[in-house]
Asks: 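Quick one: the structure is below, questions incoming.
These values consider heavy atoms only, across backbone and side chains, with no hydrogens, waters or symmetry-generated copies.
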Amino acid sequence: MLYYLFEYFDKTLDLPGTGVFQYITFRSALAFMLSLLLSTIYGKRIINFLRRQQVGETVRELGLAGQNEKAGTPTMGGLIIIFATLLPVLLFARLHNIYIVLLIVTTLWMGTIGFVDDYIKIFKKDKQGLKGIFKVIGQVGLGIIVGAVLYFNPAVTVRTDTGRTDVFKSANTTVVLPAPVEEKSTATTIPFVKNNEFDYAEVLSFMGDGYEKWAWLIFIPVVIFIITAVSNGANLTDGIDGLAAGTSAISVLALGIFTFVSGNIIFSNYLNIMYIPNSGEMTVFISAFVGALIGFLWYNSYPASVFMGDTGSLTIGGIIAVLAIAVRKEILIVLFCGIFLAESASVVIQVFYFKYTKKRFGEGRRIFLMAPLHHHYQKKGYHESKIVTRFWIVAVMLAILSIITLKLR
């Protein structure tokens, strides 16, 4: 909203200094600072409100050290993250940008699913919360919306080299530049590969001429799968104080770099990566989101004063997934969301191996002492703050590895 106000001041009234709001970097810095202040200052008020409403965590008995001490700790703290993200975005972002609209819808959509799940657990005294089928329906619904918008909306394009050149002549010089064109595309980026673009439409090339128009049959299911997988991965990671918020902030910072360079024609040309018009505006959203996550850590770090609940974890996963898809870096999710992947894989492996051994030997056996993975290390006797710190270090390493794929091919 302030963006449009200052745009009016600049273009209509020509007030000095108001043009600075046209710069994404300036608005991103403001969004980060405001979200950080909101989450730290007003976060305490939200926590006190949750405590007055007796929105406390019900702890399942898992035999973990310090587990009973967490009983009664306020949950639904994801409301802090949502509030501290959306307010700066509404103030500083260009709200007519299709990517910003998608991210706002994602935040509210996944936040609502998580909120309903937490509400059922707390107020209906049902530890299972929202039935899994309804969570999946919600995630699939969002996937269909995001996939359809990214595929069909004319504002979602990439700029590609047409193979032609434009010649610009002046009195003393002649400049020859590539003649790019903005077009609809389902191309994505493959890391560590020199010609690193893959078009989902190519999967349907066996259909003959005109197969490109059916690319949505591949693209939308891929979007659904990624949103469902990443949001559930974030949900599984949210098991000990500061783990999900910290690792998510690191992942989103890496995505912020991808978003900024992909939305900047100069940097994308220098790095020889896909230029995605209008995507740079997502940097404002990312800055607000990171500020909210860091501010939330003020209260969520060990010993936690509040838990994010599914209200936060499902929202975080949904946002990360949509950001990665929008900036055409969804294949890199296995790197910069490596912690989410490890946590999810540990659960899948544990369940599969238990069922397999029970069928074959008559009793179920386990590979991990407990799944998800962070509980395995708790069972081994590691303090949860040490586990979180080491997971953060691994997340930083994975984020750096993700970033260097910009040039390492």
Asks: Is it the case that Lys407 places NZ or CZ above or below the six-membered ring of Tyr270, under 6.0 angstrom from the centre and within 45 degrees of the axis?
Replies: yes
Asks: With a sphere of 6.0 Å drawn around CG of Leu408, does it hold more than 12 non-hydrogen atoms of other residues, nucleotides or ligands?
Replies: yes
Asks: Find the distance between OH (Tyr353) and CD1 (Ile367) and round it off to the nearest 0.5 Å.
Replies: 6.0 Å
Asks: Would you mind writing out the side-chain donor-acceptor pairs for residues 206-227 within the sub-3.5 Å range, not counting sequence neighbours?
Replies:
unit_1: Tyr211; atom_1: OH; unit_2: Glu202; atom_2: OE2; d: 3.2

Asks: Sequence neighbours excluded and cut-off under 3.5 Å, please list the side-chain donor-acceptor pairs for residues 108-116, or say none.
Replies:
unit_1: Trp109; atom_1: NE1; unit_2: Gly138; atom_2: O; d: 2.8
unit_1: Thr112; atom_1: OG1; unit_2: Leu108; atom_2: O; d: 2.7

Asks: Minimum heavy-atom separation for Asp241 and Val388, please, with both atom names.
Replies: O-CG2, 3.2 Å
Asks: Going by atom types only, do Thr157 and Glu183 share a side-chain donor-acceptor pair under 3.5 Å?
Replies: no
Asks: Please examine the side chains of Arg27 and Gln22, heavy atoms only from C-beta on, and report whether any two atoms are closer than 4.5 Å.
Replies: no
Asks: With the side chain counted from C-beta on, respond yes when Ile104 and Leu90 share a heavy-atom pair under 4.5 Å apart, and no when they do not.
Replies: yes
Asks: Taking atom CG of Asn232 and atom CZ of Phe340, what is their separation to the nearest 0.5 Å?
Replies: 11.5 Å
Asks: Look at Glu197 together with Arg328 and state whether they make a salt bridge at an N to O cut-off of under 4.0 Å.
Replies: no
Asks: Within a strict 4.5 Å, meaning less than it, do heavy atoms of the Val156 and Ile98 side chains meet?
Replies: yes
Asks: Can you tell if the side chain of Met76 reaches within under 4.5 Å of the side chain of Tyr119, non-hydrogen atoms only?
Replies: yes
Asks: Looking only at heavy atoms, what is the nearest atom pair of Gln139 and Ser231, with distance?
Replies: NE2-OG, 2.9 Å
Asks: For the CD atom of Glu384 and the CG atom of Leu243, what is their distance to the nearest 0.5 Å?
Replies: 9.5 Å
Asks: Within the 4.5 Å heavy-atom criterion, are Val261 and Leu271 side-chain neighbours or not?
Replies: yes
Asks: Does any non-hydrogen side-chain atom of Gln378 lie less than 4.5 Å from one of Tyr382?
Replies: no
Asks: Taking atom CZ of Phe152 as the centre, does the number of heavy atoms from other residues, nucleotides or ligands within less than 6.0 Å exceed 12?
Replies: yes
Asks: Report all side-chain donor-acceptor pairs from residues 233-240 shorter than 3.5 Å, counting only partners two or more places apart or in another chain.
Replies:
unit_1: Asn235; atom_1: ND2; unit_2: Asp310; atom_2: OD1; d: 2.7
unit_1: Asn235; atom_1: ND2; unit_2: Ser313; atom_2: OG; d: 2.8
unit_1: Thr237; atom_1: OG1; unit_2: Gly233; atom_2: O; d: 2.8

Asks: What pair of heavy atoms forms the shortest contact from Ser39 to Gly295, and how long is it?
Replies: OG-CA, 3.0 Å
Asks: Judged by modelled atom types alone, do Thr357 and Glu363 share a side-chain donor-acceptor pair under 3.5 Å?
Replies: no
Asks: Return the CD1 to CE distance between Ile82 and Met308, rounded to the nearest 0.5 Å.
Replies: 10.5 Å
Asks: Measuring from Ile120:CD1 to Asp126:CG, what's the distance to the nearest 0.5 Å?
Replies: 7.0 Å
Asks: Looking at Phe26, Tyr3, Tyr4, which one forms a ring pair (Phe, Tyr, Trp, His ring centres under 6.0 Å) with Phe21?
Replies: Phe26
Asks: Is it the case that Arg366 places NZ or CZ above or below the six-membered ring of Phe368, under 6.0 angstrom from the centre and within 45 degrees of the axis?
Replies: no
Asks: What class does the angle between the rings of Phe336 and Phe258 fall in, given that below 30° is parallel, 30 to 60° is tilted and above 60° is perpendicular?
Replies: tilted
Asks: Do Arg360 and Tyr356 pair up side chain to side chain, a donor and an acceptor below 3.5 Å, judged on atom types alone?
Replies: yes
Asks: If you draw a 6.0 Å radius around NZ in Lys386, do more than 12 non-hydrogen atoms from other residues or ligands fall strictly inside?
Replies: no
Asks: Return the minimal non-hydrogen interatomic distance between Arg159 and Pro277, and the atom names on each side.
Replies: N-CD, 4.1 Å
Asks: Check whether any side-chain heavy atom of Val146 lies under 4.5 Å from a side-chain heavy atom of Leu142, and answer yes or no.
Replies: yes
Asks: With side chains defined as the heavy atoms from C-beta onward, is the minimum distance between Leu401 and Phe192 less than 4.5 Å?
Replies: yes
